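Chain A is the first sequence line, chain B the second, and so forth, proteins listed ahead of strands; every chain is numbered from 1. Owing to the predicted nature of the structure, the values given are computational and were not obtained by experimental measurement. Heavy-atom basis, side chains included; hydrogens, waters and symmetry copies ignored.
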Amino acid sequence: MAYEHKGIEKKWRERWKDRGTYRVENDTSKPKYYVLDMFPYPSGAGLHVGHPLGYIASDIVARYKRHSGYNVLHPMGYDSFGLPAEQYAIQTGQHPAKTTEVNIARYREQLDNIGFSFDWSREVRTSNPDYYKWTQWIFLQLFESWYDARQDKARPIAELIARFEERGCMGQDATILTGDVEEFVGEFSAAEWKAFEERTKQMVLQHFRLAYLSDAWVNWCPALGTVLANDEVKDGVSERGGHPVERKRMPQWSMRITAYAQRLLDGLDALDWSTSMKEAQRNWIGRSEGASVRFEIKSDLTPSPSPGERGTIPGDNRFRESANSFIWSKLIVRAKDMRHNPTEAEDRLWQVIRGNATGGRIRRQHIIDTFIVDFVSLPKQLVIEVDGDIHDLQKDEDALRTLRLGEEGFKVIRFRNEEVLSDPQEVKRKIIEELDARPDFNKDDVELSDKEHSSPLPGRGAGGEVIEVFTTRPDTLFGVTFITLAPEHVLVGKYTTDDRRAEVEAYVKTASNRSERERQAEVDKVSGVFTGSYAKHPFTGADIPVWVGDYVLAGYGTGAVMAVPGGDQRDWRFAKHFDLPIIAVTEGADIEQGADESKDATICSEGFLKGLKVPDAVRRAIQELEKLNAGEGRINFRLRDAAFGRQRYWGEPIPIYYKDDIPYPLPESELPLVLPEVDKFLPTEDGEPPLARAKDWSYNGHPLETTTMPGWAGSSWYFLRYMDPKNEGRFASPEAINYWQQIDLYMGGAEHATGHLLYFRFWTKFLHDRGYLPFDEPAKKLVNQGMIQGVSAKVWSVYGASYEGDVEVFPSLYISTRAYYSMANAADYGLVQKIFAELNHGFTSEVTDISVARSYADVRFVGLKDDLDMESFKLDKERIGSEKNVRFITEEDGTFLCIREVEKMSKSKYNVVNPDDIISKYGADTLRLYEMFLGPLEQSKPWDTNGIEGTSRFLKKFWNLFHSSDASAPPESSGNTAVPSTLRVDTPHVTNDAPTKPELKILHATLKKVTEDIEKMSFNTSVSQFMIAVNELAALKCHKRDVLEPLTVALAPFAPHIAEELWSKLGHTDSVTVAKWPQWDAQYLVEDNFSYPISFNGKTRMQLEFPIALSKEEVEALVLANPEVQQRLEGKAPKKVIVVPKRIVNIVV
RNA sequence: ACGGACGUGGCGGAAUUGGUAGACGCGCUGGACUUAGGAUCCAGUACUGCAAGGUGUGGGGGUUCGAGUCCCCCCGUCCGUACCA
């Protein structure tokens, strides 16, 4: 009976399914082991041979652990929400749920073919409402939580409210230090809190919630019509699809992952993850220690108004910030108070200009910057002030106010009380005149609801007349010669002097119009502009010019830097370019050549830092800054809060509704908020996300949120659902969570380093904080499988164009590699002529426009010797397309040779190898073994289908150990005699004879190696060991049960089908998957003798065998007594003899 | 530029962690059995040399009785981040 993989594998897959072999119970009597593969996204392309690599490795571990007595959780499911399905839906009109379903079915079929031990009864899909109900529930928990920096954990928002009611928000409370969102919401007392209106309270709370709505700079991808998270953008284009991405400011749901920055960093230390993976996370979090330094702006400089610049955001003018967030929450209270108690003149004027009386909406008692103005037209940016009786007393203050409003882009006109009271209509006429004279700054603004705000939330503002910078080198403060602001910095407009305004505006405009990609491409170009303003050096009081430059990033730190050209190369380049002064900050620095960035230097600046080493100088500088209240030590993170909303259809709806524009959580009883049906998967005409198309997308008459969650939402907690996948009352029961705990082995690609794995850890920590999990890291051990690359085949192709009548046709000619090179190298004219002849073959008109290129041939048509199957190639519609009259120039022997190249396996490179094809030819067990045999799991390596023969042969040999080759001949005599396989009659043949010592040695050496190798995930070497064992046992003609049975169990994790078959043939009725793992015994490995390599000066010259029991001295004596050794020594005495027992003998001469 | 990983036959890769470099497999060479061979089996296969021998783990230096392995410098490849102050 020959080894027939097809029948065997099919039979066992069916039995496993019927018997529920891989069903896992939450059986707490056994120790648990949790093996998880990263959630696959079921794409339409299906699996290629690279995908199952990690699954096979984790399956081996899962099976091995099961043999070793563990209750193993090894589930699989689908991350089934996502962009590709939706893009496909937009193109074809098919519902993404439908295409996703089809893709999943295809995935499942392919996975089943490989014989994985997944417990499919636990399958989860993120797009299933039973699942995303809990994703939404977790979102609500995040919404209802804040981060308490003192306790360093998330707490319910109700506890924050209780605190506000009791103590208000004073002093330290008001500062939330979370890296990115370092916001000062203003102080308020308990009484003030209680007096706040509902919307004010809600706005304040938004600053604390872990899931929050705010204006944020986002990565907007116009082609995909959605916002992307930082990790979804690579090189300025979207990771999926490669579309350009631009920076845009818009209201946005975000996750306050920055609150966890320090813990995400610290947690890495205890994890058994690869160093590169941890490093990637550390870099992404980007912690840097330094100082925050405040530079006062010289107040004698008088900036003047600039209409139209300040306050508007390029590209989006609906959500302008005009209020200063610094004291916004206080001002709003006062504004309301004033609105209720107007002066007589204010009231009279209001009556004539309210509503649409002036042709546009006028607001009263509106907050702009830090002021409450009497009346304002926001679209026209015109402020109307009515001066009361006290005006004369505060002329100076009003002048300042006019000035400041001017900086904000507002024109201020004033009327005296008397004017208004005597002739309000005349005042109105003047107002209309002014309004008409001004351009419309903000067309959309008039459509804003009748709410007293111009921004959904108070935004981030620096406040005061200072520029705040972050620096890691406060020790270089004496070397500051200028300050550079990012072009997007809010203070740019404010501190630009009149004479510089045109230039600065032009620069800012150019800078902001550039895409991320362009900006990154021009990194080495220095550009910038002087604002005209000066700041004051906190130590020396010197004038520090304020510049704008795009080498400063708006998103990092405060978006402003103190430039130290003597100590920072970027500043140095900027200074050189604009001829700004450069001061040496460190001893021995050559500031003509460049900045000295070394951190073990000595500071040379005059003053208190002189002579200090950098670390000491840093400490001292911070102390001095703190004394002057001009700065303090600070830790800064590169990590940003994560954009959470997607303007897309195919994702989890965010369970939020809006009452008076304020977001409120949907009650838990309303979950799941099911994804509604829509007529089209496109944005609405006015740019609303697709969910806005849904009928009745509201809750109790209140509109529901229309953005959906990003792909990473569902995958941030799925490992918990597998523990208890059917639970309807909770995301997973505490019992299940307590039993299964963390993932013991998490297997997946390294590309998730900064996306999924960070969010995954973040949500786990959050759920831990809120008491739902006993652990705060999801995966103890992480292994990244390497990529399997494709080996592409390329052909030299000559294309031309020709006409058949009026029809343009494209004949093409392919030239075999060697022929091509002989032509190219030797200028073989005959061949050139041949090319033209071939190209013109069969065409009436001359072929023109000839071009030569290397193009792809599908690897399926390329043979062992890189030879192309020309007929199949010609018929390849997908590849050849409309080419007419395809011809070849071959080698002299008639073959056609391709060029081979290792690159990424992908459809577009025609080098995809489908596992299904491999399985039908060689079987799943061979595929599994070969994928493991290719090389170390974590390393990238090219796929070479030719090599698979070796593992296939191994399985045949293994099979043959259980069979005799010929029923008529005893195994002993049939050994080395070759018998044609077609004539071969194999019969089961296993004896119960006692194994010999060499046989036991092979067995136990194999068990030892394989066991140890699985533990350290070195699967390629364990496959080698199996091969060695089979070769040696075959040589010994061993057919003994006591040897073969343990080997079968050991092989089962790698090749489960053949192992099951042989196991049952050995007479077992239970599955091999539950057989006890065979233990190796050291006593069988002990040797009596050891063949010592005898080396002279480290070079091995001969072998001498001695009993192991001999001591060092005895070995040395025997070696020196050996005649051959004596001959080599030529009578001289050796200087030294080193004997390492059971290792080596080295003679030094 | 910075951070990480790595560099061994024609190819994928081994090497007990400082102790016989090239296990195992592919490919190749020769042979056996064959109508046939892209089946099976046997032998060989780092380079060089007829041989004895010599040389060899990207290059150079060092530590050591002994280095693919440890240290220093340089070169190259891959991955990540990318003006992060």
side-chain hydrogen bond (donor to acceptor under 3.5 Å, both in side chains) with A:Gln1103: which residues, sequence neighbours excluded? A:Ser1091

Generate the contact string for nucleotides 80-85 of chain B. Rules: B means base contact, S means sugar-phosphate contact only, - means no protein heavy atom under 4.0 Å. -SSBBB

Do the side-chain N and O atoms of A:Tyr3 and A:Asn960 include a donor-acceptor pair separated by under 3.5 angstrom? no

In terms of side-chain heavy atoms, does A:Ser792 have a donor or acceptor partner in A:Glu903 at a distance below 3.5 Å? yes

Between CD1 of A:Ile788 and P of B:C78 the distance, given in whole Å, is 20 Å

What integer number of Å spans the C1' atoms of B:G12 and B:U17? 23 Å

Say you pick atom P in B:U16 and the same atom in B:G60; how far apart are they, in whole Å? 25 Å

Residues forming a side-chain hydrogen bond (donor to acceptor under 3.5 Å, both in side chains) with A:Thr1006, sequence neighbours excluded: A:Gln1025

Chi class for B:U16: syn within 90° of 0, otherwise anti: anti

P spacing across the pair B:A39 / B:G27, given as an integer number of angstrom: 8 Å

In 5'-to-3' order, the base (B), backbone-only (S) or no-contact (-) status of each nucleotide in nucleotides 67-73 of chain B, using a 4.0 angstrom heavy-atom cut-off, is -------

If you look only at distance, which donor and acceptor atoms sit under 3.5 Å apart when one is on a side chain in residues 1012-1021 of chain A and the other is two or more places apart or in another chain?
residue	atom	partner	partner atom	Å
A:Asp1013	OD1	A:Lys1009	NZ	3.4
A:Asp1013	OD2	A:Lys1009	NZ	3.2
A:Asp1013	OD2	A:Thr1021	OG1	2.8
A:Asp1013	OD2	A:Ser1022	N	3.3
A:Glu1015	OE2	A:Tyr64	OH	2.7
A:Ser1018	OG	A:Thr1021	OG1	2.5
A:Thr1021	OG1	A:Ser1018	O	3.0

Residue list, ring pair (Phe, Tyr, Trp, His ring centres under 6.0 Å) with A:Phe478, at least two apart or on another chain: A:Phe539, A:Phe608

Just to verify, what does A:Asn1122 make a side chain to side chain contact (heavy atoms under 4.5 Å, CB included) with, not counting sequence neighbours? A:Leu1104, A:Glu1124, A:Val1125

Walk me through it: do A:Ile1147 and A:Lys1136 pass the test side-chain contact (heavy atoms from CB on, under 4.5 Å)? CA-CA 6 Å; A:Ile1147 300 167; A:Lys1136 200 173 177 185; over 6 Å; no

Tell me yes or no: between the side chains of A:Ser288 and A:Asn636, is some donor less than 3.5 Å from an acceptor? no

Under 6.0 Å between the ring centres of A:Phe574 and A:Phe482? yes

Apply side-chain hydrogen bond (donor to acceptor under 3.5 Å, both in side chains) to A:Lys957 and list each qualifying residue two or more places apart in sequence or on a separate chain. A:Asn1031

Contact string for nucleotides 18-27 of chain B, one letter per nucleotide 5' to 3', B = base within protein heavy-atom range under 4.0 Å, S = sugar-phosphate only, - = neither, reads -BBS-BBSSS

How does RNA chain B read in dot-bracket, base by base from 5' to 3', with Watson-Crick or G-U pairs under 3.5 Å and | used when the partner is on another strand? (((((((..(((......[....)))((((((.......))))))(((....)))..(((((..]....))))))))))))....

For B:G13, measure the glycosidic angle (O4'-C1'-N9-C4 for a purine, O4'-C1'-N1-C2 for a pyrimidine) and name it syn if it falls within 90° of 0, otherwise anti. anti

Any residue meeting side-chain hydrogen bond (donor to acceptor under 3.5 Å, both in side chains) with A:Glu938, in chain and number order, not counting sequence neighbours: none

With sequence neighbours excluded, tell me which residues meet salt bridge (Lys or Arg N to Asp or Glu O under 4.0 Å) with A:Arg294. A:Glu632

Considering only the C1' atoms, how many Å lie between B:G22 and B:G44, rounded to the nearest integer? 16 Å

I need the CE-C1' distance between A:Met277 and B:G3, as an integer number of Å. 14 Å

Please check if the number of heavy atoms outside A:Lys1001 that lie under 6.0 Å from its NZ is greater than 12. no

Could you measure between the two C1' atoms, the one in B:G7 and the one in B:G56, and give it in whole Å? 16 Å

